[in-house]
Amino acid sequence: MSLKKFLPIMSISIALSLILSYIEFLLPSIGVPGVKLGLANLIILMLLIKYPLKVPAAVNILRILLAGFMFTGPIAMMFSLAGGLSSMLIMKLATKLKVFSNIGVSVAGSCIHNFAQLIVAIVILDTFNIIYYIPALIVSGIISGVAIGILTTIALPRIEAAANR
């Protein structure tokens, strides 16, 4: 399959995920510093379910780079790349196994995202003292994963129905 076939989908997806990233950038953290819902992952999860890995990978990488340059900066971009790429790979694996619901796939991705970012923080700060953050990351990963999974389950059939009209 050629990139040309996926270009319109990728363009719209990058734009939507960038808008969701910006909205989330404007919102304050929910309870735990640095913890966000991960609204852009709604787009990535839908793409992972419907398309080959190269489509969501390209969208995710471009969205992270653009958001980093526009809103957050290079350090946050590093955290986002680690979390975004690791979560995307685990979610693609989970969708291929076909034993998890969208919610389960999203929770797995969200938790891995948080762990990858924790590893980056340990490396950057050169300390394991932040390991105590794991319980908060697990809870926030489950909550955000469930929320994004539910939104995906609701949105995906509606988008498919609209596309088939």
Side-chain angles (χ1 to χ4, degrees), residues 1-31 34-72 76-77 79-117 137-165:
M1 293 185 215
S2 70
L3 181 63
K4 192 175 180 180
K5 175 182 177 186
F6 297 114
L7 201 53
I9 291 161
M10 291 173 57
S11 301
I12 291 168
S13 298
I14 291 167
L16 288 173
S17 62
L18 196 56
I19 290 167
L20 292 172
S21 291
Y22 183 64
I23 290 169
E24 197 159 54
F25 172 74
L26 295 175
L27 298 173
S29 288
I30 46 177
V35 171
K36 300 279 188 171
L37 185 56
L39 292 173
N41 291 326
L42 171 66
I43 305 300
I44 301 305
L45 182 54
M46 286 192 279
L47 291 173
L48 281 166
I49 292 167
K50 300 304 290 179
Y51 298 103
L53 182 60
K54 65 183 177 184
V55 174
V59 169
N60 207 16
I61 291 168
L62 287 170
R63 190 252 330 151
I64 290 168
L65 292 175
L66 288 170
F69 289 125
M70 293 169 63
F71 320 130
T72 61
M77 193 186 313
F79 280 92
S80 293
L81 280 169
L85 295 176
S86 60
S87 68
M88 186 179 55
L89 291 174
I90 201 73
M91 288 192 299
K92 188 60 175 180
L93 176 64
T95 57
K96 289 229 181 249
L97 292 175
K98 298 188 187 289
V99 294
F100 299 103
S101 68
N102 292 343
I103 296 169
V105 170
S106 181
V107 168
S110 184
C111 288
I112 292 297
H113 186 280
N114 289 346
F115 288 129
Q117 289 191 334
L137 293 176
I138 292 170
V139 170
S140 67
I142 292 169
I143 292 169
S144 63
V146 167
I148 296 301
I150 290 171
L151 289 172
T152 300
T153 301
I154 293 168
L156 196 54
R158 293 176 183 201
I159 291 170
E160 288 173 333
N164 292 329
R165 286 187 206 160

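At a threshold of 4.5 Å between non-hydrogen side-chain atoms, the residues Met70 and Leu18 count as touching. Using a 4.5 Å heavy-atom cutoff, the side chains of Thr72 and Ser80 are not in contact. Residues Phe69 and Met77 are in side-chain contact: their nearest non-hydrogen atoms beyond the backbone lie under 4.5 Å apart. Between Leu45 and Leu156, the closest side-chain pair of non-hydrogen atoms is not below 4.5 Å.
Note that CZ of Arg63 and OH of Tyr22 are 15.5 Å apart. Values are rounded to the nearest 0.5 Å. Going from atom CG of Asn114 over to atom CD1 of Ile142 covers 10.0 Å, rounded to the nearest 0.5 Å. Separation of atoms CG (Asn41) and OG (Ser144) is listed at 8.0 Å; rounding is to 0.5 Å. Taken to the nearest 0.5 Å, the CG atom of Leu7 stands 10.0 Å off from the CD1 atom of Ile12. Atom CE of Met10 and atom NZ of Lys54 lie 9.0 Å apart (nearest 0.5 Å). Ile103 CD1 to Ile150 CD1: the interatomic distance, rounded to the nearest 0.5 Å, is 4.5 Å.
The salt bridge (Lys or Arg N to Asp or Glu O under 4.0 Å) test applied to Glu160 returns Lys50, not counting sequence neighbours.
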List the atom pairs, with distances to 0.1 Å, where a side-chain N or O of residues 84-92 and a protein N or O form a donor-acceptor pair under 3.5 Å, not counting sequence neighbours.
from, atom 1, to, atom 2, distance (Å)
Ser86, OG, Ala82, O, 2.7
Ser86, OG, Gly83, O, 3.2
Ser87, OG, Gly83, O, 2.9
Ser87, OG, Gly84, O, 3.2
Lys92, NZ, Leu48, O, 2.9
Lys92, NZ, Tyr51, O, 2.9

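Sequence neighbours left out, not one pair with a member in residues 80-90 passes salt bridge (charged side-chain N to carboxylate O under 4.0 Å, His left out).
A distance-only check finds no donor-acceptor pair linking the side chain of Asn102 to the backbone of Thr152 [under 3.5 Å]. Ser110 places no side-chain N or O within 3.5 Å of a backbone atom of Ser106 that could act as its donor or acceptor partner. Proximity of a side-chain donor or acceptor of Glu24 to a complementary backbone N or O of Ala40 within less than 3.5 Å is not detected.
Cys111 and Ile138 make their closest contact through SG-O, 4.1 Å (heavy atoms, listed as atom of the first residue, atom of the second, distance). Across every non-hydrogen atom of Ala147 and Leu37, the tightest pair is CB-CD1, 3.8 Å.
Within 6.0 Å of atom CZ in Phe71, more than 12 heavy atoms from other residues, nucleotides or ligands are found, so the atom counts as buried in its surroundings.
With Val59 as reference, Ile14 is the one residue of Ile64, Ile14, Ile9 to meet the side-chain contact (heavy atoms from CB on, under 4.5 Å) rule.
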(message) Under the criterion side-chain contact (heavy atoms from CB on, under 4.5 Å), I'd like the reasoning laid out for Phe100 against Thr95: C-alpha separation, chi angles, the key distance, then a yes or no.
(response) CA-CA 7 Å; Phe100 299 103; Thr95 57; over 6 Å; no
